[in-house]
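Each chain gets a letter, A, B and so on, in the order its sequence line appears, and its residues count up from 1.
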Protein chains: 2
Amino acid sequence: MAAVITSPPKGSRAARTRATEDRILSVALESFGTKGFDSVSLDDLAADLGITKQAILYHWPSKRVLLDAVIDRAALELIIEFDGALSEEGSGWSRVESIVRRIFRVAMRRPELLGFIREISRIGGDASLRVTADLEPFVSRATTYFEREMDEGRIRRCDSGLLLVSAYSTVLGAATEVEVLRAVGIEPTLRSTVVRRRELLSFLHAAMVAPQALNAQAPR
Amino acid sequence: MAAVITSPPKGSRAARTRATEDRILSVALESFGTKGFDSVSLDDLAADLGITKQAILYHWPSKRVLLDAVIDRAALELIIEFDGALSEEGSGWSRVESIVRRIFRVAMRRPELLGFIREISRIGGDASLRVTADLEPFVSRATTYFEREMDEGRIRRCDSGLLLVSAYSTVLGAATEVEVLRAVGIEPTLRSTVVRRRELLSFLHAAMVAPQALNAQAPR
DNA sequence: ATCAATGTTTACCACTTGGTAAGTGAATCG
DNA sequence: CGATTCACTTACCAAGTGGTAAACATTGAT
């Protein structure tokens with residue numbers, strides 16, 4: 001996570017540099033996430049940005065290093081999107097529900113972000129390690145949260161890591177398999193998304209909520 | 001689905017040709033499924049096969065046409081893997097359970113097959129259309145099956161297409177997100193897979209089985 | 001005004017890409 | 001047996017790849 005938080009004087013050269021780097025990272029994330037890392041050349045990227053490829057290589061010495069920067073940016077955005085959900089008010093289940101809704105919202109509005117994570121998983125190697133490292137604080141926070149919920153009996157006791165990944169992959173799968181929807185003749189509409197989200201919440205509720213948890217209310 | 005079923009005389013030239021084409025398709029499916037279509041050059045492919053790239057281009061006029069052939073092969077294998085489950089004995093739920101077990105088995109033994117379908121989804125365009133067309137008979141069969149189960153009250157009534165894709169993407173997600181597993185510090189072992197499959201079956205059971213269905217038994 | 005640092009472009013390079021053309025040795029067929 | 005078809009290789013090619021070098025324009029400090 002190399003992102004610097006402190007912002008330089010507005011309008012300064014440093015600020016403008018950061019702005020173009022931001023623009024590059026943003027377009028790269030979009031392209032890598034939807035088309036795949038190898039399918040996007042630096043020339044493609046530069047053309048999309050209205051600059052030359054050498055301008056990109058000025059800011060990062062190679063395409064591979066640029067990818068690392070995009071990974072950091074993607075992880076940061078993911079954490080921003082989801083981390084807040086962990087701090088929200090409410091009982092165990094309602095917080096889970098809130099996380100699911102967030103993931104669906106992200107999957108609908110920023111499909112390239114989740115697609116990018118998936119792409120990184122496929123690239124494997126150092127890229128995977130990097131995203132793992134970047135997301136570690138969030139994962140650790142989520143795990144701790146689940147553990148506490150279990151301790152207090154609001155969630156059925158189970159392996160918290162497994163629970164996290166099950167929930168993640170389930171939601172991600174359900175939220176992103178748009179092409180599969182098309183394969184069965186369903187144009188992905190808002191309505192079908194709502195239906196599937198409701199189904200999914202019911203799934204998760206059945207799987208996670210401890211039977212004796214009376215402070216958690218079943219969905220639908 | 002251009003695959004010819006009739007096999008020519010064994011040992012004949014035509015048979016040997018079909019054998020190398022088979023070998024090429026097999027390696028291409030493996031490579032495209034794990035590394036992605038654009039990440040695998042014809043030279044890479046040929047090197048893996050111990051032949052030259054022009055030998056590949058002799059059998060298919062372009063990389064894109066080869067992809068179509070690989071799509072057909074992947075769809076065929078998928079159908080072979082799953083279609084039998086629809087014909088199996090048992091009540092509504094036990095058949096669903098059997099399908100889920102099959103998908104998990106495929107995800108464990110042939111990850112590149114599911115990875116390839118996902119890759120095709122990302123490529124989109126004609127490739128997606130082709131896999132859609134190839135899988136249509138199976139999808140239609142599965143949908144019909146679900147409709148009948150609903151009519152007979154063994155599965156809760158809902159949109160059968162949505163049910164199919166929900167089940168598919170949920171299972172696929174849970175079965176294939178190995179890298180995400182690693183991200184939360186879980187080395188994918190046989191045990192963790194078993195646990196996740198059990199969780200998932202419980203998910204699906206809750207979502208699909210009609211409450212009044214007494215002939216269906218809840219898992220675990 | 002000057003000058004150095006900075007961000008970007010033009011020009012270029014070695015290498016890889018998908019694809020073509022022509023040649024070659026073996027199997028098949030008359 | 002000889003001609004031919006077939007499966008494949010060697011030899012190329014034009015376009016595109018990531019990356020380097022150097023020229024160039026703009027900014028900010030002196």
- Item | Main-chain N/O of Phe37(A) paired with Glu119(A) side-chain donor or acceptor, under 3.5 Å | yes
Decide yes or no for [X] and [Y]: does some side-chain heavy atom of the first lie under 4.5 Å from some side-chain heavy atom of the second?
{"X": "Ser31(A)", "Y": "Asp44(A)", "value": "no"}
{"X": "Leu29(A)", "Y": "Arg110(A)", "value": "yes"}
{"X": "Thr34(A)", "Y": "Phe116(A)", "value": "no"}

- For Phe146(B), what residues pass the ring-ring contact (aromatic ring centres under 6.0 Å, His included) criterion, not counting sequence neighbours? none
Output the rounded distance in Å from [atom1] ([X]) to [atom2] ([N]).
{"X": "Trp60(A)", "N": "dT20(D)", "atom1": "CH2", "atom2": "C1'", "answer": "19 Å"}
{"X": "Leu42(B)", "N": "dA15(D)", "atom1": "CG", "atom2": "C1'", "answer": "15 Å"}
{"X": "Leu45(B)", "N": "dT16(C)", "atom1": "CG", "atom2": "P", "answer": "17 Å"}
{"X": "Asp38(A)", "N": "dG16(D)", "atom1": "CG", "atom2": "C1'", "answer": "14 Å"}
{"X": "Asp44(B)", "N": "dT16(C)", "atom1": "CG", "atom2": "P", "answer": "10 Å"}

- Please tell me which of the listed nucleotides, dT17(C), dG19(C), dG18(D), lies nearest to the side chain of Lys63(B)? dG19(C)
- Find the bend of the helix from dA1(C)-dT30(D) to dG30(C)-dC1(D) as the angle between its two terminal axes (five pairs each), to the nearest 10°.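 Axis-to-axis angle, ends of the helix: 10°.
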- In terms of side-chain geometry, is the basic nitrogen of Asp126(A) or Arg130(A) positioned less than 4.0 Å from the acidic oxygen of its partner?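 No.
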- Item | Contact pattern, 5' to 3', of nucleotides 3-9 of chain D - B, S or - by protein heavy atom under 4.0 Å | --BBBBB
- Query: How would you list, by chain and number, every residue that makes a side chain to side chain contact (heavy atoms under 4.5 Å, CB included) with Ser39(B), sequence neighbours excluded?
  - Reply: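 Residues passing side chain to side chain contact (heavy atoms under 4.5 Å, CB included) with Ser39(B): Asp38(A), Arg122(A), Lys35(B).
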- If only side-chain N and O atoms of Ser41(B) are considered, is one of them under 4.0 Å from the OP1 or OP2 phosphate oxygen of dT17(C)?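 Yes.
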- Considering residues at least two apart in sequence or located in another chain, which fulfil the side chain to side chain donor-acceptor pair (under 3.5 Å) criterion with Glu30(A)? none
Could you pull out every donor-acceptor pair under 3.5 Å between side chains of residues 48-57 of chain A and any protein atom, sequence neighbours left out?
residue, atom, partner, partner atom, Å
Lys53(A), NZ, Asp43(A), OD2, 3.3

- Query: So what does Leu57(B) touch, heavy atoms closer than 4.0 Å: a base, only the sugar-phosphate, or nothing?
  - Reply: base
